[in-house]
Amino acid sequence: DVQMTQSPSYLAASPGESVSISCKASKSINTYLAWYQEKPGKTNKLLIYSGSTLQSGTPSRFSGSGSGTDFTLTIRSLEPEDFAVYYCQQHNEYPHTFGAGTKLELK
Amino acid sequence: EVQLVESGGGLVQPGRSLKLSCVASGFTFSNYGMNWIRQAPGKGLEWVAYISSGSSYIYYAETVKGRFTISRDNAKNTLYLQMTSLRSEDTALYYCARLRRTYFDYWGQGVMVTVSS
């Protein structure tokens with residue numbers, strides 16, 4: 001199975017700041033990497049797929065980059081609604097595997 | 001609006017069985033592959049099972065293979081997960097999720113399964 005290593009586990013930031021979350025795969029997954037947002041009381045939201053393609057409705061302050069084994073989610077100019085948990089997931093092969101998550105907290 | 005609503009969770013003793021359902025609305029259910037994904041308390045997400053739109057292709061995580069069965073009824077817009085020989089480590093919030101190409105574009109709110117004596 002492809003192991004996904006996500007870092008950091010926790011990240012504290014303030015509105016207006018920019019943050020980056022890293023996700024590393026144990027072997028090449030080409031660009032088949034998705035990012036999801038988890039918020040209490042809401043269903044998990046697909047933000048980005050295929051490494052850098054924004055899902056419809058994802059604000060443009062979100063961006064994804066990377067290929068092979070190293071990927072990054074960047075959120076520019078944080079908004080209050082961005083404080084949540086973020087997961088990466090490889091969708092190159094079964095079993096689909098997820099990173100352990102990054103909790104983005106308000107500083 | 002796409003909606004996925006899971007049900008059927010609860011408290012069950014080890015070794016017993018439970019069947020989860022996921023009712024879909026807002027899209028043509030029969031056109032999409034569907035998945036079950038779970039999250040144990042305090043843990044990350046774990047993909048559990050996949051079924052193709054016409055039920056021709058089915059895959060399972062090794063942790064549930066031989067114990068869980070995924071199925072669907074396209075006439076009822078419903079996805080199922082039959083879980084047998086349940087173990088404490090199966091305790092988790094179970095989500096159904098729609099597969100678009102190879103990623104999960106819509107998720108349900110989840111249903112809790114607790115395996116305990």
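We name chains A, B, ... by the order of the sequence lines, and we start the count at 1 in each one. The basis for the numbers below is simple: all heavy atoms, side chains too, and nothing from hydrogens, waters or symmetry mates. Source: prediction; values computed, not measured.
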Task: Minimum-distance pair of heavy atoms, taken over all atoms of B:Gly44 and A:Tyr87 - done: CA-CE2, 4.4 Å
Open item on the list: Using heavy-atom distances under 4.5 Å, tell me whether B:Leu4 contacts chain A through its side chain, its backbone, both, or neither.
Closed with: neither
Task: Pairwise distance NE2(A:His91) to CZ(B:Arg101) - rounded to 0.5 angstrom - done: 9.5 Å
- [ ] Using non-hydrogen atoms and a 4.5 Å limit, figure out which bit of B:Gln39 sits close to chain A: side chain, backbone, both or neither.
- [x] side chain
- [ ] Mind checking the OG1-OH spacing from B:Thr102 to A:Tyr94? Nearest 0.5 Å is all I need.
- [x] 8.0 Å
TODO: Is it possible for you to say whether A:Ile21 and A:Leu106 belong to one hydrophobic cluster, with membership spreading through side-chain heavy-atom contacts below 4.5 Å?
DONE: yes
Open item on the list: Tell me whether B:Arg100 forms a cation-pi arrangement with A:Tyr49, defined as NZ or CZ under 6.0 Å from the six-membered ring centre and within 45 degrees of its axis.
Closed with: yes
Open item on the list: Rounded to the nearest 0.5 Å, what separates atom OH in A:Tyr36 from atom CG in B:Leu45?
Closed with: 9.5 Å
Open item on the list: Would you say that more than 12 heavy atoms from the other residues, nucleotides or ligands in this model lie under 6.0 Å from the CZ of B:Phe29, or not?
Closed with: yes
Task: Residue pair A:Gln89 / B:Phe104: nearest heavy atoms and the distance that separates them - done: NE2-CE1, 3.5 Å
Open item on the list: When you group the ILVMFWY residues by side-chain heavy-atom contacts below 4.5 Å and let the links chain together, are B:Trp36 and B:Tyr59 in the same group?
Closed with: no
Open item on the list: With a 6.0 Å cut-off on the ring centroids, do A:His96 and B:Tyr50 count as close?
Closed with: no
Open item on the list: Hydrophobic cluster membership, with links at side-chain heavy-atom distances under 4.5 Å among I/L/V/M/F/W/Y: are A:Tyr86 and A:Met4 in one?
Closed with: yes
- [ ] Check each atom of B:Tyr60 against the heavy atoms of chain A and say whether the ones under 4.5 Å are side chain, backbone, both or neither.
- [x] neither
Open item on the list: How about NZ on B:Lys76, more than 12 heavy atoms from neighbouring residues, nucleotides or ligands closer than 6.0 Å, or not?
Closed with: no
- [ ] Spell out, yes or no, whether A:Val85 and A:Leu47 are grouped together once hydrophobic residues are joined by side-chain heavy atoms under 4.5 Å, including indirect joins.
- [x] no
Open item on the list: Using side-chain heavy atoms (C-beta onward) and a distance below 4.5 Å, is B:Trp47 in contact with A:Thr97?
Closed with: no
Task: Same apolar cluster (I L V M F W Y, side chains within < 4.5 Å links), B:Tyr80/B:Val23 - done: no
- [ ] Tell me, yes or no, whether the heavy-atom count around A:Arg61 atom CZ, taken from other residues, nucleotides or ligands under 6.0 Å, exceeds 12.
- [x] yes
Task: side chain to side chain contact (heavy atoms under 4.5 Å, CB included) evaluation trace for A:Thr43 with B:Tyr106 - done: CA-CA 8 Å; A:Thr43 59; B:Tyr106 286 96; over 6 Å; no
TODO: State, yes or no, whether a side-chain contact exists between B:Trp107 and A:Glu38 at a heavy-atom distance under 4.5 Å.
DONE: no
Task: Identified side-chain contact (heavy atoms from CB on, under 4.5 Å) counterpart of B:Tyr103 within the set A:Leu33, A:Ile48, A:Thr53, A:Leu46 - done: A:Leu46
